[in-house]
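Please read all numbers here as calculations on a predicted model, not as lab measurements. Chain naming here is simple, since letters A, B, ... match the order of the sequence lines and numbering starts at 1 in each.
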Amino acid sequence: MSRRLTRARDAAGPLLISIIAWAVLIYLVLPLAVVIAISFTTTEYLAFPPVGFTLRWYQRFLADPSYVDAILLSARLAFGSTLIGFVLGVPAALVLKRGRLPGAQMLGNLFLSPLILPAIIIGVGVLQISGALGFARSFEAMLVGHVVIILPYIVRTTLASLEGFDTSLEEAAQDLGASGLGTFFLVTLPLIKPGIIAGCLFGLIMSWIDVEVSIFNTVIAQSPIPVKVFNYVQYSVDPMIAAVSAATIYIAFVLVLLLDRLVGLDKVTGQQK
Amino acid sequence: MRINRLWAAILLGIPLIYLIVFFVTPLGMVVVDSFSNEAGELTLANYATVLGEAYYWRVLGYTFWIALVTCVATLILGYPLAYYMSLIERRRTMRRLCFILILMPLFTSNIVRSFGWIVLLGREGLVNETLLLLGIVDRPLRLLSTEVAIIIGMIYVMLPFMVLAIASVLQNMNGSLREASRDLGATAFATFLKVTLPLSAPGIVAGTLIVFTLSISSYVTPRIMSGGRSVVSSMLIYDQFMLVFNPFLGSAIAVVLLVASFALIIAYTLLMERRPARGTST
Amino acid sequence: MPLIAIDRLTKSYGSLQVLKGVSLDIEEGEFVALLGPSGCGKTTLLRAIAGFVDIDGGDIAIGGRSIAGEPPNRRPVNMVFQNYALFPHLTVRDNVAFGPRRNGVDKAGLAAIVDPALETVGMTAYADRLPAQLSGGQQQRVALARAIANKPKVLLLDEPLGALDLKLRKRMQMELKHLHQKLGITFLFVTHDQEEALVMADRIVVMQEGDIAQVGTGEDIYARPQSRYVADFIGEANLLPLEAGPDGTLRIAGEAEPLPYRAPAGAGAPTLLVRPEEIRVGAAPAGGVSLSGTLTDRVFIGNATRLFVKIANGQSVVIQQAGAGTEDTLPAGAPVRIGWAREAARVLTG
């Protein structure tokens with residue numbers, strides 16, 4: 001083959017790849033962009049491209065206490081379950097990594113296993129146990145279930161940040177006079193903080209967008225926002241539900257930026273499901 | 001840092017108790033329920049129903065079929081994107097933009113994402129409009145509530161997982177390996193085929209596993225995209241628990257789904273581990 | 001009373017015994033090097049003193065007080081870590097202030113400790129930088145400043161120059177030596193580099209497989225090694241196996257001439273140690289030892305010339321001549337006589 005042809009082929013490869021890549025990226029944002037766009041339409045029905053521009057639908061859903069309540073409920077659930085997940089997950093990861101326990105590997109797998117179990121089965125399970133314990137279909141039941149699904153994210157990122165941890169830093173701290181607890185708060189915690197933050201942010205999001213666990217453990221009058229949207233969309237779609245949906249997309253955007261700011265997006269890529 | 005035994009027991013014990021009470025026990029209850037009936041007796045009747053009736057087999061088969069198609073499609077679409085991100089490693093802003101575009105859908109509820117597709121796939125949606133405009137069809141297609149819609153929606157939901165799994169492997173790959181391959185006379189294409197692709201195998205395995213596992217248990221997307229018909233196992237589970245109020249049959253379906261998916265995952269993992277050593281071919 | 005008294009220290013990891021009853025006394029103000037190849041137990045010994053290794057048996061006392069059960073943060077020693085272990089999230093100043101802060105030094109007191117410490121290592125200008133913004137040599141200095149800020153009784157150094165390039169390493173060797181003189185603190189230094197030990201230490205402890213092989217000044221160990229192991233580890237050595245005759249005379253294996261040495265009382269097989277720079281081309285002075293051989297290679301290494309001579313038993317003997325080696329003009333392959341003065345060689349039995 002001639003050299004020029006080889007060159008041309010070598011250049012064509014990356015070009016083709018970038019075209020496919022951007023097509024895929026557009027595929028990824030298109031539905032979100034559409035939801036946002038139609039939330040501004042002046043028509044009473046879903047119109048794409050939107051007709052005119054209005055904030056009416058946002059005003060309408062914000063004036064509806066059931067939506068505001070649903071958002072607040074979701075927020076309480078997300079922050080509550082993340083807080084519990086943090087309190088349970090970070091110490092667990094520390095002991096698993098540092099405790100020199102027999103069977104730490106197996107216990108670690110137990111902590112990560114909710115990741116590979118169908119969320120719907122976790123939802124069913126929580127319904128059963130909360131029924132047995134007498135708090136079926138309540139905020140507490142959802143909270144308990146959300147903790148189960150987000151705990152793996154927090155445990156895993158904490159484990160991962162302890163994995164590459166240079167233990168001589170902790171030895172140095174002790175050598176210089178810090179106690180065990182002092183070493184943890186002065187050296188270990190500041191250094192594994194990005195991993196913990198990433199895990200907590202992921203946990204927060206997983207709770208915020210969950211439908212499968214919540215749907216088994218809630219009642220119509222008290223639904224988190226994704227469940228509320230889900231129940232609505234199954235029967236009808238209109239610009240107001242687009243506005244509600246768009247609002248959750250804005251929140252996702254804020255969280256992505258926050259993650260980028262606090263941890264760096266490059267670093268979290270290896271840490272999803 | 002050393003942790004003394006008492007503290008270790010407390011710090012690990014509490015989370016462990018939590019998991020046992022709210023994760024292990026509930027799963028045990030589901031399993032026990034699957035062998036029970038309303039009268040509280042042990043029975044195999046639920047399994048007789050699930051495994052004996054063609055309907056349940058059909059739904060289970062369809063669940064796995066959708067998961068398989070989703071898996072293959074996300075791999076085909078996701079790999080080029082992941083590869084592209086490894087090519088633009090030095091262009092930080094561009095890379096960051098890619099990450100944002102990939103994470104945005106991931107951070108949005110499945111329901112909102114499916115909602116977007118309802119609009120796009122509607123009779124007067126963007127997809128039909130485009131097809132009409134290009135003259136590919138002469139009247140709008142019925143896309144919503146079809147298999148195509150379910151698969152498009154599933155691919156959409158699962159794609160970020162696949163891209164991130166492969167990208168994380170590609171981004172850790174030693175770039176000098178590719179340079180060495182070019183230096184030794186391989187074309188860019190041969191380098192990709194003989195070096196990059198084999199080395200990214202762990203990412204492909206991880207990605208397909210994640211997508212497959214999440215797909216078989218997916219509930220929201222098939223529910224919305226199918227227009228409410230119960231087509232996959234997770235929907236049957238929901239129906240049994242929440243509409244028919246037969247948690248016993250629902251539990252049996254859940255256990256069958258779980259066992260079947262574990263069996264497939266284990267078989268797949270073993271298959272991948274037993275592949276002959278690479279590098280012996282031409 | 002010695003400052004550090006290490007008494008029959010033992011430590012095992014599973015079935016591997018890394019310290020086999022090590023005893024060592026170190027006087028106040030000494031600069032001692034623990035020298036040996038990797039796996040000889042030198043780092044374990046250092047870490048046992050610092051408190052990072054739980055010892056199985058024996059005792060460590062500093063200033064007459066046993067510290068064996070004390071946690072690292074209560075021991076009057078500080079360490080310069082192999083990779084420096086600077087806290088990446090703290091500035092240079094905060095790294096150095098870390099120790100004094102733990103000891104409850106107040107704000108005013110901190111400046112009085114941190115500033116001179118940084119001054120001592122010449123890092124005052126970098127006080128507000130983060131470790132990642134410093135070069136390897138600068139990080140090394142900060143690690144030193146941090147370790148001395150606590151005014152330890154003993155400064156422990158774990159291969160602190162290992163990560164530096166050759167030039168910088170040589171400079172830091174002299175700087176460490178000067179720092180030791182200036183501070184008057186006892187330095188205990190782990191290295192696998194014999195030259196580093198020779199340059200810096202007042203006393204060298206050569207370690208071998210969890211035990212001490214020999215302790216002495218650099219000169220002592222170089223000139224009077226007690227075993228083949230030590231002779232080979234410190235400097236370059238020609239080690240020639242000897243055969244003892246029934247009358248107690250010694251011969252180099254393959255040579256007919258008896259040597260003017262007697263086998264010292266010792267169980268091991270005798271070996272003759274001759275340093276390369278002690279051997280000359282030509283016949284030995286009266287009372288010395290002469291051998292015949294074939295010149296196989298001649299290598300010029302800048303400040304010296306090295307000759308490789310194959311002797312009768314097939315062994316290659318290395319000769320190092322100062323300068324360009326103009327004493328002879330023999331080509332490779334030529335037969336050659338070599339020799340050394342009687343007192344230039346030493347019979348080893350260990």
*Asks:* Just wondering, more than 12 heavy atoms not from C:Lys177 lying within 6.0 Å of its NZ?
*Replies:*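 Check passes, neighbour count above 12.
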*Asks:* Please classify the contact between C:Leu156 and chain A as side chain, backbone, both or neither, with a heavy-atom cut-off of under 4.5 Å.
*Replies:*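 Neither; nothing under 4.5 Å.
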*Asks:* Within a radius of less than 6.0 Å around CZ of A:Arg76, do more than 12 heavy atoms belonging to other residues, nucleotides or ligands occur?
*Replies:*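 Atom CZ in A:Arg76 is crowded, with more than 12 foreign heavy atoms closer than 6.0 Å.
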*Asks:* Search all heavy atoms of A:Asp175 against all heavy atoms of C:Met79 and return the closest pair with its distance.
*Replies:*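 Heavy atoms of A:Asp175 and C:Met79 come nearest at OD2-N, 2.6 Å.
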*Asks:* Is the count of non-hydrogen atoms from other residues, nucleotides or ligands lying under 6.0 Å from A:Gln105 atom CD greater than 12?
*Replies:*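 No, CD of A:Gln105 has 12 or fewer neighbouring heavy atoms, counting only those of other groups under 6.0 Å.
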*Asks:* Work out which heavy atom in C:Asn73 is nearest to a heavy atom in A:Ser179; give both atom names and the distance.
*Replies:*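 What the structure gives for the nearest pair is ND2-CA, 3.3 Å.
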*Asks:* Looking at side-chain heavy atoms only, is the closest gap between A:Pro190 and C:Leu90 below 4.5 Å?
*Replies:*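 No, side chains not in contact.
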*Asks:* For residues 110-124 of chain C, please give each side-chain donor-acceptor pair under 3.5 Å, one per line with the distance, not counting sequence neighbours.
*Replies:*
unit_1: C:Asp115; atom_1: OD1; unit_2: C:Arg93; atom_2: NH1; d: 3.4
unit_1: C:Thr120; atom_1: OG1; unit_2: C:Pro116; atom_2: O; d: 2.6

*Asks:* Counting only non-hydrogen atoms closer than 4.5 Å, does C:Arg146 touch chain A with its backbone (N, CA, C, O), its side chain (CB onward), both, or neither?
*Replies:*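 Both parts, backbone and side chain.
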*Asks:* Is C:Asn150 in contact with chain A via its backbone, its side chain, both, or neither, using a 4.5 Å heavy-atom distance?
*Replies:*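 For C:Asn150, side-chain heavy atoms alone lie under 4.5 Å from chain A.
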*Asks:* Less than 4.5 Å apart, side chain to side chain, heavy atoms only: is that true for C:Arg102 and A:Leu186?
*Replies:*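 Yes, at least one pair of side-chain atoms sits under 4.5 Å.
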*Asks:* Tell me, for C:Phe81 versus chain A, whether the close heavy atoms (under 4.5 Å) come from the side chain, the backbone, both or neither.
*Replies:*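 The side chain, not the backbone.
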*Asks:* Taking atom CD of C:Glu70 as the centre, does the number of heavy atoms from other residues, nucleotides or ligands within less than 6.0 Å exceed 12?
*Replies:*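 It does: C:Glu70 CD has more than 12 such atoms within range.
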*Asks:* Tell me, for A:Leu169 versus chain C, whether the close heavy atoms (under 4.5 Å) come from the side chain, the backbone, both or neither.
*Replies:*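 For A:Leu169, heavy atoms of backbone and side chain both lie under 4.5 Å from chain C.
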*Asks:* Heavy-atom distance under 4.5 Å between the side chains of C:His89 and A:Lys193, does that happen here?
*Replies:*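 Heavy-atom side-chain distance check fails, nothing below 4.5 Å.
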*Asks:* In terms of heavy-atom pairs under 4.5 Å, which option from C:Pro71, C:Ala50, C:Pro88 contacts chain A the most?
*Replies:*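 That would be C:Pro88.
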*Asks:* Under 3.5 Å, sequence neighbours excluded: what are the donor-acceptor pairs made by side chains of residues 245-253 of chain A?
*Replies:*
unit_1: A:Ser245; atom_1: OG; unit_2: A:Ile241; atom_2: O; d: 2.8
unit_1: A:Thr248; atom_1: OG1; unit_2: A:Ser245; atom_2: O; d: 2.6
unit_1: A:Tyr250; atom_1: OH; unit_2: A:Tyr58; atom_2: OH; d: 2.6

*Asks:* Kindly indicate whether the side chain of C:Phe52, heavy atoms from C-beta on, has any atom under 4.5 Å from the side chain of A:Thr167.
*Replies:*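 In short, these two side chains do not touch, never coming nearer than 4.5 Å.
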